[in-house]
Structure formats: C-alpha cells, structure tokens
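Protein chains get the first letters and strands the later ones, always in sequence-line order, with residue 1 at the start of each. Because the structure is predicted, anything quoted here is derived from the model rather than measured.
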Amino acid sequence: MNIVRLCERTSKFGIYIAFILLCVVLSILSPYFFTVKNIVNILNQVSIIGIIAVGSTIVLISGGLDLSPGAIVAVAGVMAAHFGHPGQYPIIVPITVAVATGLAFGAVNGVLTSLGKIPPFIVTLGTMTIGRGLALLACDGMQVIDLSERYISLANSEIFGIPILIILFALVFAVFQFVLTKMRFGRHIYAVGGNETASHVSGLNVNSIKIAVYMLAGALAGFGGLLLSSRTVVGSPIAGQGYELDAIAAAVIGGTSTTGGVGKLTGTIIGALMIQVISNGLDMINVPSYWQQIVKGSIIILAVFIDMRSRNKG
Amino acid sequence: MNIVRLCERTSKFGIYIAFILLCVVLSILSPYFFTVKNIVNILNQVSIIGIIAVGSTIVLISGGLDLSPGAIVAVAGVMAAHFGHPGQYPIIVPITVAVATGLAFGAVNGVLTSLGKIPPFIVTLGTMTIGRGLALLACDGMQVIDLSERYISLANSEIFGIPILIILFALVFAVFQFVLTKMRFGRHIYAVGGNETASHVSGLNVNSIKIAVYMLAGALAGFGGLLLSSRTVVGSPIAGQGYELDAIAAAVIGGTSTTGGVGKLTGTIIGALMIQVISNGLDMINVPSYWQQIVKGSIIILAVFIDMRSRNKG
Amino acid sequence: QSEDATIRVGATMQGMNDTYIRIVTNAMEERAEELGVKLSILDGEAKAEKQVAQVENLIAQDVDVIIMNPISLDGCAPAVEKAVKAGVPIFTLVSVVKNQDKCVTYVGSDAPESGKIQGEMIIADNGTSGRVALIQGPIGHDAQIGRKQGLMEAFAGTNMKIVVEQTANWQRDQALSLMENWLQAGQEFDIVVAQNDNMAMGALKAIESAGLSDSIKVYGIDATSDAKAAIEAGRLMGTVFQDAAGQGKMAIDVAVRIANGESVEDVVFIPYLPVNKSNLADF
Amino acid sequence: MVEKSCLLKMEGVSKSFPGVKALKDVTFTLNRGEVHVLMGENGAGKSTLMKVLAGLYNRDAGRILLNGHDVAFHSPSEAIAAGISMIHQELMPIPHLTVAENIYLGREPVTFLRTIDRRKLEAMTRELFERLHLNIDPWSIMKDLSVAEMQMVEIAKATSWNSDIIIMDEPTSAITDQEVENLFRIIRQLKNEGSGIIYISHKMDEIFEIGDIITVFRDGEYVQTCPIKGLERSRLISMMVGREIQDIFPKTECAIADTILEVKDLTLPGIFEKLSFQLHRGEILGIAGLMGAGRTELVETLFGIRKKSEGRIIKDGKAIIITSPSDAIANGFAIVSEDRKDVGLVLKMSVGRNLTLTTLKNYTFWGQFMQEKREHVSIQDQIRRLSIKTAGEGQQVSTLSGGNQQKVVIGKWLLSNPDILIMDEPTRGIDVAAKAEIHKMICSLACEGKGIILISSELPEIIGMSDRVLVMHEGQITGELGRNDFTQECIMHMATGQCLED
Ligand SMILES: Nc1ncnc2c1ncn2[C@@H]1O[C@H](COP(=O)(O)OP(=O)(O)OP(=O)(O)O)[C@@H](O)[C@H]1O
Ligand SMILES: Nc1ncnc2c1ncn2[C@@H]1O[C@H](COP(=O)(O)OP(=O)(O)OP(=O)(O)O)[C@@H](O)[C@H]1O
Ligand SMILES: [Mg+2]
Ligand SMILES: [Mg+2]
C-alpha cells in the first residue's frame with residue numbers, strides 16, 4: 001500500500017501520520033467532520049477520558065498498571081454529588097471530596113503493589129471491583145441528582161468561548177508534561193519503570209515513587225469523575241464503565257510501553273484523540289453500529305502498525 | 001493476624017492455603033456450601049471459564065496478553081449455533097465451526113503481535129472490538145435459538161454421573177498440563193516468555209511459537225463459546241462479556257506472571273476456582289450485591305497477598 | 001434542492017447489542033426507508049456520556065430531528081439541554097429523561113409499568129401470597145430501578161415477599177449460575193421474577209435441571225422469541241410484551257411530523273401487554 | 001593437526017545503525033583449527049560483525065563465504081544450522097528454566113512419546129559439564145546462578161553444538177583464572193577437532209596465550225591481520241588505538257591515612273558470617289577470590305542492597321546505619337556493580353539520563369526542578385572524560401557497545417563524588433586504553449583521600465592496583481596481604497582455601 005510506504009519514510013512520527021490520515025479520510029467522507037464546531041466538540045468529548053489517560057500513562061511508565069480508574073470515576077462522582085446539592089456546601093467541598101476519594105484509592109493501589117508486592121493487575125482489579133461496590137453502596141444503587149448550578153457549571157461553562165473541559169484538560173496535560181520532562185520526580189518515574197533494581201541501587205526510593213504515581217493517577221481519575229458527574233448532571237454509580245481500558249489504550253496507542261520505562265504524554269493525547277475521532281467520525285458518516293466496532297478495532301490496530309513500522313525503519 | 005502468620009510458615013503453598021481458608025470460612029457460614037452436590041455445582045460452573053483461562057495462561061507465560069477471549073466466546077457461540085439447529089448438520093459441524101473461529105482469531109492475534117510487532121494489548125483489544133462487532137453482525141443482533149438436542153447435550157449431559165463440562169475441563173487441563181511440563185513445545189513457551197532474545201538466539205522460531213500459542217488460546221476460547229452456547233441453550237452475541245479479565249485474573253491469582261516466563265496451570269485452576277467459589281459462596285450466604293463486589297475484590301487481593309508473603313519467606 | 005427536501009433524522013440508542021433495541025431499530029430503519037427519511041442510528045454503548053456526545057455530534061451535523069433512547073434518566077438530560085439550546089427538536093424513545101418537559105414528546109411505554117404488569121400477572125396467577133426470588137439487571141441502571149419499582153407497586157399490600165434478590169447483569173449464564181447456587185443453598189421460593197427474558201431463560205434452565213419446574217414458576221419481561229416458545233411449551237409462566245417494532249415505527253412517524261412542523265402530543269403511548277399461554281397467539 | 005583450510009571469509013561487510021556506521025567495508029577470514037582473535041577499542045564494531053555472522057543483524061553490504069559458499073543468514077537458527085554458534089557478550093539466560101533446559105533449548109532429547117527425556121537431558125548436561133570441569137547442578141534454576149556461573153553455562157552451551165565455527169564474544173569477562181584455564185583447554189580441544197574459533201577479548205594475557213592470529217578493527221574499519229607469535233604488546237595496542245600506551249596499571253603511590261571505614265562482624269545468612277575489615281583513606285583495597293566466593297554479596301550487603309542480619313559499619317569513627325542503597329549513598333558510598341544490565345543501568349533510558357540518575361538532585365533548584373543546561377554540561381564532560389563512544393547523549397544506552405555501557409556505569413558513580421567507591425569488576429569488557437584511563441582515575445581518587453574497594457577476577461588488575469588485598473573463600477576472609485607480599489601464586493593459594501591449613 002502506498003500510504004504505508006509514505007508513512008515509513010516519515011520515521012518516528014508514525015502515530016501522528018496515522019492520525020492525520022484518519023482525519024483526512026473522515027473529512028472527505030463527511031462534510032461536517034472538519035468544522036470548528038465539530039473539532040470543539042471532539043476536544044470537549046475527549047477531555048475527561050484524556051485527563052484520566054494522563055494518570056494511566058504515568059502509571060504505565062512507572063512499570064505499573066491501573067485497572068481502577070473507571071471505578072474511581074464512579075465512586076468519586078457519587079461522593080462529590082452528595083456534597084453538590086444546591087445551597088449546601090461551597091463548591092470546593094465536592095471538588096475536594098472527589099480528588100480525595102481518588103487519592104485514597106491511589107494510595108491503596110500504590111501501597112499494596114509496592115510494599116505489599118502484589119501484582120498491579122490483581123491489586124487494581126481488586127480495587128476496581130471494590131470501587132464499583134462502594135459506588136453502589138454510597139448511593140444505595142440510585143443516581144444522585146439535584147446538583148447545584150455551580151456544580152453543573154464545573155464541566156459545562158465556557159471561558160472566552162472555549163469549553164471549560166478543554167481548558168482543564170490542557171492544564172492537566174501541561175502540568176504533567178512539565179512534571180514528566182522537567183522535574184526530578186518525572187525522571188524518577190521513567191527510571192523506576194525502566195529498571196526497578198537499578199533505580200533502587202541508584203538511591204531512589206522506589207516504593208514512595210510508585211505510591212506517589214498511583215496516587216496522582218487516582219486523583220486524576222477522581223477529578224475526572226467529578227467532571228463527568230457535572231457534565232452528565234448526575235452522580236451515577238455505573239459511570240465510567242470501561243474507562244480503564246480506554247485510558248490504557250490511549251496511552252499504548254500513543255507509544256507508552258506496557259512494560260514500563262517508555263512513554264510520552266503527547267502520544268497519549270494523540271491516542272485519546274484517535275479513539276474519540278474514530279467514534280465521532282464513524283457516527284458522522286453513519287456507519288452501522290456493528291460495523292463501527294469492526295472498523296474501530298481495525299483502525300486502532302492499523303494505526304499502531306503504521307507507527308511501529310515507521311519506528312523500526314527510522 | 002494469626003491466619004497470615006500461619007500461612008507464612010507454609011511456604012510456596014500460599015494460594016492453596018488461602019483457597020482452603022476461604023472454603024473453611026464459607027463452610028462455616030453456609031451449611032450447604034461443603035456438600036458434594038455444591039462442589040459438583042461449582043466445578044460445573046467453573047469449567048467454561050476454566051477452559052478459557054488455560055488459554056490465557058499459556059499466552060501470559062509466552063509473554064503475551066489476550067483480551068479477545070470474551071469476544072471469541074460470543075462469535076464462536078453465535079457461529080456454532082447457526083449450524084446447531086435441529087436436523088441440519090451432524091454435531092461435528094458446529095464444533096468445528098466454533099474451534100475454527102477461535103483458531104482464526106488466534107491466528108490474527110499471533111501474526112499481528114509476532115510478525116507485525118504490534119503490542120499484544122493493542123492487537124487483542126482490537127480483535128476484541130472487532131469480534132464483538134462480528135458477533136452482532138453474524139446474527140444481526142438477535143440471539144440464535146432453536147438448537148438441536150445433540151447440541152444442547154454438549155454441555156448438559158453427564159457421563160457416569162459426572163457433568164460432561166467437568167470432564168471436558170479436566171481433559172483440557174490434563175492435555176495442556178502435559179504439553180507445558182513434558183513436551184518441548186511447552187518448555188519453549190516458557191523460554192520465549194522468559195527471554196525472547198535468548199530464545200531467538202538459541203535458534204527457536206519465536207514467531208511460530210507465539211502464533212501457535214495464540215491459536216491454541218483462541219481455539220480454547222472458541223470451544224468455550226460453543227460450550228457456553230450449549231449450556232445457556234442460545235447463541236448470544238453478548239455472551240462472554242468480561243471473560244477475558246476473569247480468565248487473566250484466574251491465571252494471575254494462580255501465580256502466572258504478567259511479564260511472561262512464569263506460570264503454572266495448577267495455579268490457574270486454583271485461581272479460577274477461587275473466583276467461582278467466592279461468587280458461589282456469596283450467593284449462598286446471600287450477601288447483598290453491593291457487598292458482594294466489595295468482598296470479592298478484597299478476598300482476591302488478600303489471597304494473593306498471602307500467596308506473595310509465603311513465597312517471599314519460602 | 002433535493003438535498004434540502006430529505007428529512008434527516010439522527011437517533012442515539014442506549015445499546016445496540018440488546019435484542020430488544022435491535023428490534024426497535026430494525027423497525028425504525030424499515031419505516032425510514034419507506035418514507036424516504038435519511039436516518040442515522042448511533043450506538044450509545046450503554047454510556048450516558050457517550051449519548052450526550054452523540055447528540056452533540058448530531059447537532060454538529062445539523063440534523064432535522066434527534067431521537068434519543070436514553071440509557072439514563074439523569075445522565076442523558078444534558079443532551080436534551082444541548083439540543084434545545086441549538087434549536088434542534090429532540091424527543092425520547094422507549095425510555096425517558098429527567099427533563100422530559102423540554103423534549104418534544106415521548107414515544108414508548110412507561111418503564112415501571114412493565115414491572116407492574118409483571119407483578120399483576122403474578123398475583124393473578126398465584127394469589128396474593130408467595131415467596132419471590134428476584135433476578136435483576138445491572139444495579140443502578142434505569143431499567144433495573146424502574147422495573148423493580150413497578151413490581152413493588154404491584155406487590156404493595158399483598159403477601160408477596162421478596163426472599164432473595166441479586167443481579168445477573170441481563171446475562172443468561174450469570175442467571176443460570178445464580179439460580180444453581182440459590183437452589184444449592186436451599187433457598188426456598190415459589191416464584192422467580194427476572195427483569196428480562198434472557199435471565200428468566202437462564203434461571204428456568206437451572207430450575208428444570210434441578211427437577212423443580214413443578215414447584216417454581218418463572219416470569220420474565222420482553223417476550224423474546226425463545227421466551228414465547230417456552231410459554232407455548234408451558235415452561236415459562238409469563239412475560240411482558242413491549243411492542244418494540246411498534247415503538248420503532250412510531251418514532252419515525254413522529255419524527256417526520258415534527259420535521260414537517262406538525263404538532264405532536266406530549267406522549268405517544270404504546271402500552272405494555274402481559275403475555276401468557278392464554279393470549280400467546282396474539283403476539 | 002588438521003590442515004588450515006579456509007572456513008569463513010567475510011568481505012566488504014558494512015552495517016549502519018541510526019547515527020552510526022558500525023562497520024565500514026570490513027574483511028575477516030577464519031581457517032579451520034585456528035583461534036582467530038578479534039580486537040579493537042570499545043565500539044569498534046566487533047560484536048556487530050559477529051552478530052551479522054550469527055544471523056542476528058542483516059548486513060547492509062558485503063559477502064559472507066562459508067566453506068566457499070555465499071551465505072546470508074536471516075535468523076540465528078539458520079546460522080546454527082550452518083554450523084555457527086556464539087557466546088554473546090551480554091549474558092542471555094532464560095531465568096526461570098533450569099540450567100539443562102537452557103543449554104539444550106530447542107534440541108531437547110525426546111522419548112518415543114515425544115516428551116522431553118529428562119534423564120537423557122541430565123546425562124548430556126553432566127557429560128558436558130564434566131568436560132568443562134564445571135560443578136553446577138543441571139536442575140538448578142538459571143536465575144539463581146551467579147553472573148560467573150551463568151557465563152560458564154553459556155560457554156558450555158556454545159561448545160555443545162559441535163559447531164564448525166564458535167564465536168566467543170568476551171567469554172571470560174566475569175570468570176576467574178581457574179575457569180579460564182578450563183575454557184582454554186576446551187578451546188584447544190576444539191581446535192584439534194578442526195573447528196575455527198573467533199575470540200574477542202580485551203584481556204592481553206589471554207590473547208597471547210590462546211590466539212593464533214589476530215585481526216584489529218578501529219572505528220568500524222579493518223586495520224590489520226597478523227600472526228600472534230612474535231607480536232609485541234605495545235605494537236598491538238598502537239594498532240588498536242593508534243598511539244602508544246605506556247603503563248597499563250599506572251599505580252601511583254599515595255599517602256594512606258586514617259581509617260575511613262570499619263566493618264565489624266558483617267553477616268549475610270547463608271552466604272557469609274562475621275566478616276570484619278578496615279579501609280583507609282587513600283587506599284585501594286583489593287578483594288580477590290574464586291567464582292562464588294561471596295565477594296559480590298559482601299559489597300552488596302555493605303551497600304544495603306542485601307539485608308544483613310548482623311554487623312556494624314563505622315565510617316570516620318562514627319557508626320552509621322545502612323538499610324538501603326539510598327542510606328549508603330547519603331553516607332558517601334558508591335558502587336559500580338558487577339551486573340551492569342540488571343543492576344547498573346536503566347537500559348531503556350539514554351546515556352545522559354543514566355549518567356545523572358544518582359546525582360539528579362545536583363542539577364535542580366528547590367530539589368525538584370531540572371536545570372537541564374547544567375546537567376548537559378556535566379554529561380558532556382563525563383562522556384569526554386571516559387571517552388564513551390556514543391552518537392549523542394540521547395542515544396539509548398542499550399544500543400551502546402558492551403564496553404561503553406560499562407563506562408556509563410562507572411561515569412554515573414564517579415559523578416556522585418563518593419568518599420568510598422566500591423568497584424565490582426569495574427573494567428569488565430573495557431578496552432586496554434580506556435582501562436588505563438580508568439585505572440589512572442581510580443588512583444587519583446585514592447590520592448584525594450577516598451577509600452576504594454576493588455573486586456576483580458583479573459588477578460593482574462588486583463595485583464597492579466591494590467595497596468592491600470583481602471582474599472575470600474566460601475564466605476570467609478582467608479587472608480590479607482600487603483602490597484609487598486602478594487604474588488599470583490599466593491593469592492590463588494588462599495583463594496582455594498588452602499592457606500587455612502598451611
Ligand atoms: N542496535 C544498535 N543501535 C544503534 N547503534 C548500535 C546498535 N548496536 C551497536 N551500535 C553501535 O555500533 C557501534 C559498534 O558496536 P559494537 O557492539 O559492535 O562494538 P564492540 O566492538 O563490540 O565494542 P565492545 O568492545 O565495547 O564490546 C557502537 O558505536 C554502538 O554504539
Ligand atoms: N540469587 C541467588 N540465589 C541463591 N544463591 C545465590 C544467588 N546469587 C548468588 N548466589 C550464590 O552465592 C554465592 C556467591 O555468589 P557470587 O558469584 O556472587 O560471589 P562472588 O565472590 O562475587 O563471585 P563472582 O566472582 O562470580 O562475582 C554462590 O554460591 C552463588 O551461587
Ligand atoms: Mg562488543
Ligand atoms: Mg561477583
């Protein structure tokens with residue numbers, strides 16, 4: 001195929017090329033796809049999962065794995081909504097509750113994997129299951145409704161005409177990009193994920209680094225849960241289903257290794273956008289829903305294939 | 001805790017100890033738990049997921065990861081059911097169809113991960129998505145009903161008073177246990193998962209081994225899909241949801257490493273039984289559904305924790 | 001010019017892997033074809049936020065009417081706000097949203113109604129006292145909440161008691177294992193209420209295998225074809241018919257009327273009907 | 001002796017990697033019954049050429065003639081089938097398989113049931129080990145072996161193929177003289193049977209002992225081939241590095257002052273008990289011993305990598321507590337570890353990132369925010385000082401040549417400016433010129449008043465560099481020798497545990 005050939009030449013940027021190709025194809029197929037309105041739409045829609053994927057990426061880079069963010073989204077959303085009824089608490093309270101819930105989950109994940117030496121798959125599968133139960137328990141299986149205007153505006157307002165979700169996502173990205181590339185802590189995350197023994201011998205406190213990473217990921221998931229509950233105007237115990245896989249997929253599509261030590265947030269952003277654009281685009285060009293899944297799966301595989309080819313040649 | 005202490009002493013058998021403890025507790029809580037009938041019941045219920053987990057285990061040992069078995073269960077079940085209406089084809093036809101479907105998926109997984117060098121997470125997430133779409137497409141979203149007696153008996157008959165599912169599971173286990181421990185191919189699976197470069201350098205054909213492993217796992221999932229459709233008397237496009245995680249969890253609880261090279265089928269059996277016993281036991285003592293999830297998550301983490309402690313001491 | 005003449009309708013459905021929804025959308029597609037309506041049906045994958053996003057996408061595409069089959073009463077409400085703000089008429093199908101008043105109309109039935117009809121049928125068959133095992137959909141889903149609510153309404157003031165309840169997540173194999181476990185644990189009940197036929201069929205199988213089909217009666221909801229066959233054979237006692245095809249067809253008719261600027265009543269009601277051996281032939 | 005027919009001829013072979021031309025039009029010939037030594041500085045392209053031959057890399061250009069036939073191997077299995085086996089510079093254990101399974105991977109003997117014939121496998125392994133005088137249980141798990149034992153297993157594996165051509169890429173980097181002797185015996189035997197051996201090493205003594213003919217590479221280019229007999233050391237060195245090197249062990253005597261470190265009753269259960277010794281400022285303390293003597297464990301325990309059960313560590317007269325490497329680093333320790341791949345380096349990171357990993361804090365303000373310019377200056381300095389051959393500080397460290405990787409480990413710890421520098425086989429795989437440089441650096445550190453602990457399996461290095469030598473045998477210190485007392489014989493004597501009885 002000629003397209004593959006072209007991409008092979010443009011080494012290292014495989015995933016960007018794949019992404020651009022995808023956008024070009026969709027623009028041709030639907031006149032509505034490449035419009036300002038739709039682009040804002042896509043960015044708005046990708047924001048929450050994007051924020052969560054930032055957390056999943058740092059966990060993966062540190063050599064871990066986090067299956068719990070979807071459940072954290074639900075628990076944090078329900079908990080925050082409880083404090084988000086009109087005229088009750090200042091808005092900082094639900095925000096704090098959501099983030100604190102996420103931090104608590106992250107701490108459990110971090111402590112059990114690092115000090116407890118339990119494989120992250122088991123730990124986070126466990127906390128995911130527990131989290132889903134807790135979310136139902138926290139609201140007795142009913143959605144938490146009747147949220148204050150202020151609460152709803154958390155994810156639904158605009159600043160200078162830009163939806164606030166997009167701004168929050170950009171902020172989260174900027175902060176974590178800075179941490180990963182410009183701070184010592186960020187360097188340590190890569191080192192621990194690359195070789196735990198060598199990092200330990202080099203004097204790094206591997207356990208605290210891991211715990212901190214899981215806590216950050218938890219906090220981001222908690223924050224995501226808050227935003228999702230605001231966006232959907234309800235604290236739902238079944239929110240965020242499957243988010244963990246989407247977040248990991250965004251990271252891995254973006255070149256983050258599942259074995260640790262390798263990854264970039266810019267890649268994750270592209271990965272998340274890719275997933276979102278596929279589902280937005282397929283909706284737009286009206287692909288029947290069964291076919292959507294088939295096409296979606298194929299595009300993801302193809303995109304990463306192009307990426308791999310370009311890197312190996314590069 | 002005294003229980004943990006006790007377990008620490010009995011090194012290497014941590015997960016068995018944890019499992020026995022769990023059974024003892026459940027026996028105390030429910031007089032019906034430890035009865036022959038219920039044990040047969042549990043074994044019968046665990047069989048299908050157990051067969052699939054055998055496949056997931058060998059994939060993990062070979063250094064891979066398979067997220068597609070749940071979707072394969074659905075596609076294979078629907079496809080087989082199409083050929084399982086009364087008076088149409090001999091029973092070997094649906095069996096062949098199911099296994100061939102699984103093999104085909106496995107071949108795609110294997111080829112894309114080994115020759116295509118695409119991370120297994122992406123490949124199998126992709127084929128999982130594609131598979132779900134294909135399952136719906138294959139039956140236009142409607143369940144395939146009206147199955148022949150012979151087809152239904154595949155998973156519902158008894159041999160010498162033992163449910164056939166249990167016998168099939170035992171057979172699958174025995175065959176793969178033999179392959180893994182006694183045959184060259186089995187040892188090569190460990191080698192490839194333990195150190196791919198070294199295996200390559202030693203002259204092993206790493207790619208064919210990986211492809212074969214994915215194909216076997218696919219075939220097992222396809223077979224599992226056949227049995228599930230027979231057990232539930234319907235070919236359902238939404239069957240097997242979440243089976244991939246359960247199967248991986250069974251393997252990892254049983255000590256299989258997510259980074260390859262390490263794992264035992266006996267462990268997987270215990271892992272699968274553990275999951276099944278928890279849900280059977282919690283149903284029996286009638287734990288409310290929210291609490292079920294919380295308890296389930298906690299037990300899994302605790303069991304693996306006990307296992308890890310005992311191994312590190314041992 | 002001919003482009004403009006075509007009515008463009010967008011629909012977001014709660015989940016396309018559900019047999020019931022599939023029947024609805026089949027009918028919608030068929031009717032749209034007949035009327036020359038350009039219809040795009042989107043799969044909400046059982047996620048409220050996904051449906052909100054899809055409505056946003058439909059707005060971006062300037063469709064004439066949006067049909068929403070919401071997964072969540074509350075979670076999908078923002079989608080309605082967005083459509084209203086953008087001036088695109090939106091109405092709900094099969095299930096409702098909290099801010100229903102902002103929708104043009106509702107096509108479908110009343111969610112708790114199905115649970116209520118199921119409960120009334122059970123009382124009609126078994127009298128006012130009995131021990132009930134309840135198998136529910138995924139806890140927290142609207143259909144689970146609504147159907148249970150309707151059931152409890154019907155049972156109010158009777159001696160029907162729910163002795164045991166659990167979720168089987170709409171799945172047949174889970175209901176099958178669950179029922180095996182209950183029977184094994186010596187749970188005693190006379191009636192099994194499953195919130196859909198898929199789970200009812202799973203439970204039924206466990207009951208039959210245990211040889212208890214004479215003493216335990218099973219009821220479902222949806223009237224799927226294998227459930228109807230089971231009623232025919234006297235295995236399943238009853239189910240509740242929701243006119244999926246009628247709902248789908250009506251949805252398109254209503255959409256066309258809205259697009260043409262005609263007025264539509266607030267609710268276009270398509271009733272549930274109890275199904276048992278006596279009236280099976282009608283379905 | 002078999003007649004010297006030409007076995008292998010490589011002509012005009014080139015190979016590039018992104019940013020480097022590793023091989024430029026090189027030529028190499030191997031005859032039957034000959035040990036052909038391949039030498040060159042770190043990064044000269046030796047391993048790359050051998051990997052091309054063994055089917056691991058595809059060449060960009062050139063011809064390979066095997067027994068006169070043009071060949072091109074696309075995978076190691078093809079090379080193996082054609083009679084080429086290789087001991088790789090980097091150890092390649094399959095950690096969770098047994099030793100026997102590792103050796104006969106892919107050609108396990110099978111029974112008529114097609115199952116692995118464990119008894120036969122064991123017998124084959126034992127027989128092989130006997131030839132090498134190796135005492136390793138065929139059924140022990142590979143990951144439990146020491147680095148040295150693993151290397152012996154790899155040697156055993158390579159010789160077990162009965163190949164025509166055996167490539168040995170630094171086979172002796174982690175083993176002691178005793179094992180080297182065994183290896184040489186085997187090599188001579190193979191030679192007599194008509195195999196051709198390509199031998200890569202940086203150890204001069206070995207080359208002169210075992211080699212017949214030598215080819216030298218420099219910077220990926222072929223320099224010269226000549227017989228070893230009659231070759232002068234100094235000429236060989238100048239062929240390699242393009243200049244003369246005066247002194248291979250440039251020991252400078254410096255004042256040995258007060259005690260910097262005192263270790264009392266250090267115990268690591270099951271490995272060693274109650275070890276005590278002292279280290280002085282300005283002193284280089286050598287630790288000698290045979291493979292498995294417990295030297296690595298001793299220093300790893302000292303550094304907090306392993307948990308001691310007992311023992312006191314006193315630095316500058318004050319008792320200090322070390323429970324983890326970070327404690328050790330805080331107390332001014334540094335360790336150049338024996339196992340660079342698993343303990344020394346983060347292979348997935350770049351050269352620069354590895355160099356500053358332990359000292360990252362020095363390049364930050366407020367302890368967290370990186371000052372990349374300052375870091376860059378330091379990294380460039382270190383790359384120059386140790387002449388690390390790299391395409392840039394951003395090159396992934398796993399793609400450096402073995403010797404250059406080792407230099408990164410040393411550089412990383414030198415940057416931490418330690419008081420006490422522990423070096424466990426520090427010059428593994430490092431070429432002669434760089435070795436001399438590093439030895440010079442060690443000496444000057446000592447002269448600055450630091451204490452140095454040097455473990456090496458290369459006795460000349462121990463003898464040439466140390467002020468004092470401790471000899472270990474089976475977890476015990478069996479002797480201590482001053483600079484004037486130690487000879488090769490005496491150390492070997494103590495290392496085998498014989499001095500105890502004397
Ligand atoms: N996979 C790779 N990617 C990029 N560069 C590589 C790769 N492998 C080797 N190189 C480069 O090729 C050059 C030659 O390396 P090689 O390993 O052949 O050296 P060597 O002669 O074996 O050195 P040493 O004595 O240190 O083992 C080095 O500059 C090295 O950095
Ligand atoms: N992970 C391990 N598990 C069990 N035994 C081990 C392990 N590592 C090392 N040993 C054993 O400890 C002893 C000392 O090993 P080691 O080879 O590290 O000592 P050494 O004196 O440093 O020798 P070398 O010259 O090989 O570095 C050996 O008997 C070895 O088999
Ligand atoms: Mg080399
Ligand atoms: Mg050592």
Side-chain angles (χ1 to χ4, degrees), chain B residues 26 29-33 35 37-42 44-46 48-49 73-74 77 132-133 135-136 139-147 152 155-156 158 163 227-229 231-234 236-243 276-277 279-290 292-293, chain C residues 13 15-26 43 45-46 133-140 144 163-187 197-199 201-206 208-210 222 224-230:
Chain B
L26 289 172
L29 292 176
S30 164
Y32 303 99
F33 178 78
T35 58
K37 238 173 137 181
N38 193 45
I39 291 169
V40 171
N41 191 22
I42 291 172
N44 198 34
Q45 290 172 358
V46 85
I48 293 175
I49 191 77
V73 161
R132 289 267 163 225
L136 289 163
C139 61
D140 197 21
M142 314 292 277
Q143 301 185 326
V144 182
I145 53 173
D146 188 22
L147 302 174
I152 295 170
N156 291 296
E158 293 187 348
L227 294 178
L228 186 65
S229 71
R231 176 163 149 87
T232 57
V233 201
V234 62
S236 164
I238 56 167
Q241 224 131 37
Y243 275 31
Q276 196 63 45
V277 161
S279 92
N280 171 285
L282 296 184
D283 280 353
M284 289 235 153
I285 57 180
N286 213 354
V287 174
S289 65
Y290 315 154
Q292 277 216 9
Q293 293 184 282
Chain C
M13 309 301 291
M16 297 289 276
N17 56 19
D18 185 84
T19 303
Y20 183 84
I21 297 300
R22 187 61 204 158
I23 300 171
V24 175
T25 53
N26 277 345
D43 184 357
E45 291 169 11
L134 176 61
I135 303 178
Q136 311 186 74
I139 309 292
Q144 175 267 327
V163 291
V164 60
E165 62 181 304
Q166 199 54 259
T167 176
N169 299 309
W170 304 135
Q171 298 277 348
R172 193 184 283 228
D173 56 329
Q174 287 186 30
L176 172 54
S177 291
L178 176 64
M179 184 52 69
E180 285 172 349
N181 294 344
W182 275 344
L183 295 177
Q184 215 51 247
Q187 291 288 352
D197 281 343
N198 207 22
M199 296 190 294
M201 294 303 292
L204 181 63
K205 180 161 177 284
E208 287 172 347
S209 304
D222 280 348
T224 61
S225 40
D226 59 339
K228 284 187 285 186

Does any backbone or side-chain atom of [X] lie under 4.5 Å from a heavy atom of chain B? Answer side chain, backbone, both or neither.
| X | result |
| --- | --- |
| C:Gln174 | neither |
| C:Asn169 | neither |
| C:Ile139 | side chain |
| C:Ser225 | both |

Is C:Asp197 salt-bridged to C:Arg172, going by a charged N under 4.0 Å from an acidic O? no
Considering only heavy atoms, which portion of [X] lies under 4.5 Å from any heavy atom of chain C: side chain, backbone, both, or neither?
| X | value |
| --- | --- |
| B:Ala239 | backbone |
| B:Tyr290 | side chain |
| B:Asn280 | both |
| B:Thr232 | both |
| B:Ile145 | side chain |

Does a side-chain heavy-atom distance below 4.5 Å link [X] with [Y]?
| X | Y | result |
| --- | --- | --- |
| C:Gln184 | B:Tyr32 | no |
| B:Phe33 | C:Asn181 | no |
| C:Gln136 | C:Met199 | no |

Taking salt bridge (charged side-chain N to carboxylate O under 4.0 Å, His left out) as the test, write out the residues that go with B:Arg231, two or more places apart. C:Glu180
List for me each residue that meets salt bridge (charged side-chain N to carboxylate O under 4.0 Å, His left out) alongside B:Asp146, sequence neighbours excluded, and say none if there are none. none
As an exercise: rank B:Asp140, B:Leu228, B:Asn156 by heavy-atom pairs under 4.5 Å with chain C and give me the winner. B:Asp140
With respect to chain C, which residue among B:Val233, B:Val234, B:Ile285, B:Ile42 yields the maximal number of heavy-atom pairs within a distance under 4.5 Å? B:Val234
Please tell me whether B:Asn41 and B:Asn38 have a donor and an acceptor in their side chains that are separated by less than 3.5 angstrom. yes
Any luck finding a side-chain donor-acceptor pair between C:Tyr20 and C:Asn198 under 3.5 Å? no
